[in-house]
**Student:** 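I'd like to ask you about the structure that follows.
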Amino acid sequence: MATTEHPHSRLRGWMLQGLSDMGKRGGLTGPHAEPEPPHRGQRWWRVMCLTGVDYFSTLGYQPGIAALAAGLLSPLATIVLVVVTLAGALPVYRRVAQESPHGQGSIAMLERLLSFWKGKLFVLTLLGFAATDFLITITLSAADASTHLVENPHLTGTLGGHQMLITLILVALLGAVFLKGFLEAMGVAVALVGVYLLLNLVVVITGLWHVLTAEHVVTDWANALTVQHGSVFAMIGVALVVFPKLALGLSGFETGVAVMPHVQGDEGDTEEHPAGRIRDTRKLLTTAAVIMSCFLITTSFITTLLIPAAEFKPGGQANGRALAFLAHEYLGNAFGTVYDVSTIAILWFAGASAMAGLLNLMPRYLPRYGMAPHWARAVRPMVIVFILIAFLVTWLFDANVDKQGGAYATGVLVLISSAAIAVTIAARKAGQRGWTIGFGVISAVFLYTTVANVIERPDGVKIGACFIAGIMLVSLLSRLARSFELRVTSVAMDPMAERFVRDMASRKIRFIANEPDNRDRAEYRDKIEQIRTDNDMPEQEDFVFVEVTVADPSEFETCLTVRGEVLHNRYRVLTVESSSIPNALAALLLHVRDLTGRTPHIFFEWTEGNPFANFLRFFLFGQGEVAPVTREVLREAEPDRDRRPRVHTG
């Protein structure tokens, strides 16, 4: 008789589709997952367009933000931004590409430098700022796209006053794309970036022509600068001070290294030494930075000189859409509408790139740390979570581009600062004195920029702190909820350990859990005597000792390697390294059961002390009340009581 699948089961299967495949090849998931053979990736310039939908799309709002922040000094402050981009961010991320060529970025570099809980907490903090960066990219891009829609002369009468609703619809549509199943359409990215940059080039050339043919424009601007600031040195000083407000123009580098696995590289590339991929990713980063720098300088120049200052302010026609304003003003509403459509498309696709970054970043770390539930490895549940958060952020910031600029800049700057620090440490460990000094100076510049941005616009660090607090809270609750979960991914035994197990399989399989101390003859003799006395067992019963050494208790998932040895010509001992003693013992018992087909027994002594304090020791340090926790892990891992290994405590 055919069975009908329950609707809830179908929905659950659809939501968790692909969950069993998550975590492969370094834990990458989502649209940026590392390509599987025989797929060899794409040419670097095509991948550049993929990251370019995020990086280049900032032209939609960057000139307006620069004009609001720096006023008439916007071109000069933008030159400072370009210098920092080419002499600071670009060298840093070229080094990140070399040190982390599998798309893991600077967070993975810093993770390798720190262990234990301090490393996990540091990574969670960086994830909070990364979430700020990517989520604000989604909401800010959608808000700016809705601004271009509302301010279009053909639509302003119909859509005026509905910017919040339009932004929420755009964010929801983005989520719908990922719920359906998002595949990175490289061709779409190439087309969007190509058309968008071409249209911007037309606007820039037209704007420069109007500036050059109307000589008074440059003269008026120069005179106004002199009146406001007096001397060139004063102008440079002010430009350096206001530069941090323009930090949005630095976005895109983290995405650039995240898409590294898609770069084709050379025939001889291996996963351990992808020299061609590293070289071509550096080309990608350099080309994108040069193109963006040229556009940043020219667009800030023409928008500052050709657009009245009042139009940049909230409510003005150039607010959040300075280049679109010039497109309509000097090239007509038909061309301006085409420009608006192109801008809306690339801004919306920038949100898609940011969502892909989130879906790569969070499942790569949180489930592996035990700090997210299993379903966090699947794409669709995480999409729903991120879209709901994006709705909340959009509502909190009133779908306003200017209000979100500080939060976005904070996320970008923290990630770039962490990357600069990571490459400084890497250069120092490599003994490269010159690079160490250079990267150290760059780190200082970005740290100053970050601090200045936070002081000027504290809303960015506030929302970043909210994301960090949320991630910390969810992580703690998840770790508690998954405390008794079997976390061992595989068990491997050396020949001596297998020999012990085969020998015991002909009789009863009995293990003694022993905390290694001096490991002398008396320790093992006394332990056996104690176990026999506590459990009233005859002397002819033989045992194998199991000793677990805790390595890094902050790790959640681990692989076990079991080694056998004979001590003092008499005592058989299995030694294991793990992040948790109970989980290691439970995994070993289940592995022995499956290997031999017999039910193993393990004997413990009770741990002295307060049970709650012992649970905290287990939660934080992988030790504590070992016997009952081992039994609980076995109970959750094996629901069939008859097949469950036996735990004895005396």
Side-chain angles (χ1 to χ4, degrees), residues 44 47-48 51-52 54-59 62 65-66 77-101 103-110 126 129-130 132-134 137 239-240 242-260 278 281-297 300 350 353-354 357 405 408-427 435-454 460:
W44 66 267
V47 182
M48 182 191 73
T51 184
D54 176 19
Y55 193 23
F56 299 142
S57 68
T58 57
L59 290 172
Q62 175 68 16
I65 291 176
T78 302
I79 291 175
V80 176
L81 171 66
V82 167
V83 170
V84 173
T85 297
L86 298 179
L90 180 58
V92 164
Y93 279 92
R94 283 171 62 91
R95 183 62 178 255
V96 170
Q98 175 184 331
E99 298 287 340
S100 182
Q104 298 172 344
S106 59
I107 295 179
M109 292 176 62
L110 292 170
L126 289 182
F129 284 110
T132 303
D133 180 8
F134 287 121
T137 297
L240 291 172
V242 301
F243 148 72
K245 299 179 181 180
L246 279 62
L248 288 181
L250 292 166
S251 66
F253 283 100
E254 198 73 27
T255 308
V257 293
V259 298
M260 276 193 74
I278 294 172
T281 301
R282 287 177 161 184
K283 289 182 184 177
L284 179 160
L285 294 170
T286 303
T287 304
V290 170
I291 292 173
M292 188 63 174
S293 296
C294 293
F295 273 109
L296 284 173
I297 292 174
S300 68
S353 179
Y408 186 28
T410 299
V412 170
L413 287 171
V414 169
L415 292 181
I416 294 180
S417 298
S418 67
I421 294 171
V423 298
T424 302
I425 297 172
W435 281 113
T436 302
I437 295 172
F439 286 135
V441 172
I442 294 171
S443 299
V445 170
F446 283 125
L447 287 173
Y448 155 74
T449 307
T450 303
V451 172
N453 183 79
V454 168

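The first residue in the sequence is number 1, and the count goes up from there.
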**Student:** Quick check: closest heavy atoms across L90 and L86, and the distance to 0.1 Å?
**Tutor:**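 Heavy atoms only, the tightest pair is CB-O, 3.8 Å.
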**Student:** What distance do R94 atom CZ and R282 atom CZ have between them, rounded to the nearest 0.5 Å?
**Tutor:**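 Reported to 0.5 Å precision, the distance equals 5.0 Å.
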**Student:** Heavy atoms only: give me the nearest T85-A289 pair and the separation to one decimal.
**Tutor:**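 Residues T85 and A289, closest heavy atoms: CG2-CB, 4.3 Å.
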**Student:** Taking only residues two or more places apart in sequence or in another chain, which ones pass side-chain contact (heavy atoms from CB on, under 4.5 Å) with P91?
**Tutor:**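 By the side-chain contact (heavy atoms from CB on, under 4.5 Å) rule, P91 matches F439.
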**Student:** Any chance you could measure I291, atom CD1, to T287, atom OG1, to the nearest 0.5 Å?
**Tutor:**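 I291 atom CD1 to T287 atom OG1 measures 6.0 Å (nearest 0.5 Å).
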**Student:** Measuring from D54:CG to F134:CZ, what's the distance to the nearest 0.5 Å?
**Tutor:**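 Output value for this atom pair is 7.5 Å.
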**Student:** Listed by chain and number, what are the side-chain contact (heavy atoms from CB on, under 4.5 Å) partners of A288, not counting sequence neighbours?
**Tutor:**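 Partners of A288 by the side-chain contact (heavy atoms from CB on, under 4.5 Å) criterion, ordered by chain and then number, come out as M48, Y55, F56.
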**Student:** Can you list, pair by pair, the side-chain donor-acceptor contacts under 3.5 Å of residues 412-423, counting residues two or more places apart and other chains?
**Tutor:**
from : atom 1 : to   : atom 2 : distance (Å)
S417 : OG     : L413 : O      : 2.8
S417 : OG     : F446 : O      : 3.3
S417 : OG     : T450 : OG1    : 3.0
S418 : OG     : V414 : O      : 3.4
S418 : OG     : L415 : O      : 2.7

**Student:** Do V451 and Y448 have side chains that get closer than 4.5 Å, going by heavy atoms?
**Tutor:**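 In short, these two side chains do not touch, never coming nearer than 4.5 Å.
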**Student:** Looking only at heavy atoms, what is the nearest atom pair of T436 and A427, with distance?
**Tutor:**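 Of all heavy-atom pairs spanning T436 and A427, the closest is OG1-C, 3.3 Å.
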**Student:** Once rounded to the nearest 0.5 Å, what's the spacing between atom CZ of F253 and atom CE of M292?
**Tutor:**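 So the gap between those two atoms works out to 9.5 Å.
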**Student:** If you take all heavy atoms of S100 and M260, which pair is closest and at what distance?
**Tutor:**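 Here S100 and M260 meet closest at O-SD, 3.9 Å.
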**Student:** Working to the nearest 0.5 Å, report the span between OG of S293 and CD1 of I79.
**Tutor:**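 With rounding to 0.5 Å, OG (S293) is 11.0 Å from CD1 (I79).
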**Student:** Restricting to non-hydrogen atoms, name the atom on G256 and the atom on L285 that form the minimum distance, rounded to 0.1 Å.
**Tutor:**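 Heavy atoms only, the tightest pair is CA-CD2, 4.1 Å.
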**Student:** To the nearest 0.5 Å, what is the distance between CH2 (W44) and CG (L284)?
**Tutor:**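 Going from the CH2 atom of W44 to the CG atom of L284 covers 7.0 Å.
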